[in-house]
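Note sheet for the following structure.
Numbering starts at 1 and runs along the sequence shown. Here the structure is a predicted model, which is why all the values come from computation and not from measurement.
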Amino acid sequence: QVQLVESGGGLVQAGGSLRLSCAASGRTFSSYAMGWFRQAPGKEREFVAGITLSGGNTYFADSVQARFTISRDNAKNMVYLQMNSLKSEDTAVYFCAASNDHSAYFSGRYYIQDIYAYWGQGTQVTVSS
């Protein structure tokens, strides 16, 4: 079992930055690939970024490539999403998720929500234009 709690959301002006944090419980955090997803009002939840077990590989949606970075600290059971050059279209609830489906992750299916077994409650990010 893994419990995930996101923090760091808030209101920011367009062009600004925010760093989201996700705290994970449990002693097996390093055995989970981690992802960030987001859901804007009236839209489907979508993949934002993913990171492999050791942090050696990261993946991003085209819409956030070069603006967002994902990182993890396995010693602290934390995963982070650094968001720069924020745009109004980044406004959404952001969710942290954990996946132990390693074969799916490494076969490139990191963007598929079904491979993530555990989810946080989400944190709101609002970007004002």
Applying the 4.5 Å side-chain criterion to the ILVMFWY set and letting contacts propagate, would [X] and [Y] be lumped into a single cluster?
X	Y	result
Met34	Phe60	yes
Tyr80	Val125	no
Trp119	Ile112	yes
Val79	Val64	yes

First locate atom [atom1] of [X], then atom [atom2] of [Y], and finally report the distance between them rounded to the nearest 0.5 Å.
X	Y	atom1	atom2	value
Leu81	Cys22	CG	SG	10.5 Å
Gln113	Arg45	CD	CZ	4.5 Å
Arg19	Thr69	CZ	OG1	9.5 Å
Tyr94	Ser7	OH	OG	15.0 Å
Gln124	Glu6	CD	CD	12.0 Å
Leu20	Gln82	CG	CD	9.0 Å

If we only count heavy atoms from C-beta on, is the [X] to [Y] side-chain gap below 4.5 Å?
X	Y	result
His102	Leu53	yes
Cys96	Trp36	yes
Met78	Phe29	no

Quiz prompt | Donor-acceptor contact below 3.5 Å, side chain Ser21 vs main chain Gly8 | solution = no
Sequence neighbours excluded, which residues qualify as side-chain contact (heavy atoms from CB on, under 4.5 Å) partners of [X]?
X	result
Val12	Leu18, Leu86, Val127
Glu46	Arg38
Thr52	Asn57, Tyr59, Tyr105, Phe106

Exercise. Return yes when atom CD of Gln65 has more than 12 non-hydrogen atoms of other residues, nucleotides or ligands closer than 6.0 Å, and no otherwise.
Key: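 Yes, the 6.0 Å shell around CD holds more than 12 heavy atoms from other groups.
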Exercise. Among Phe95, Tyr116, Tyr111, find the one that has a ring-ring contact (aromatic ring centres under 6.0 Å, His included) with Phe37.
Key: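 Among Phe95, Tyr116, Tyr111, the one meeting ring-ring contact (aromatic ring centres under 6.0 Å, His included) with Phe37 is Tyr116.
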Quiz item: Would Arg67 and Asp90 pass as an ion pair if we require N to O under 4.0 Å?
Solution: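 Salt bridge present between Arg67 and Asp90.
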Quiz prompt | Centroid separation Tyr110 to Phe47 less than 6.0 Å | solution =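 Aromatic pair counts; centres sit under 6.0 Å.
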Exercise: identify the closest heavy-atom pair between [X] and [Y]:
X	Y	value
Asn77	Ser25	ND2-C, 4.2 Å
Ser85	Ser17	N-OG, 4.3 Å
Ser129	Ser88	CB-CB, 4.3 Å
Leu4	Ala24	CD2-CB, 3.6 Å
Gly122	Val93	CA-CG1, 3.8 Å

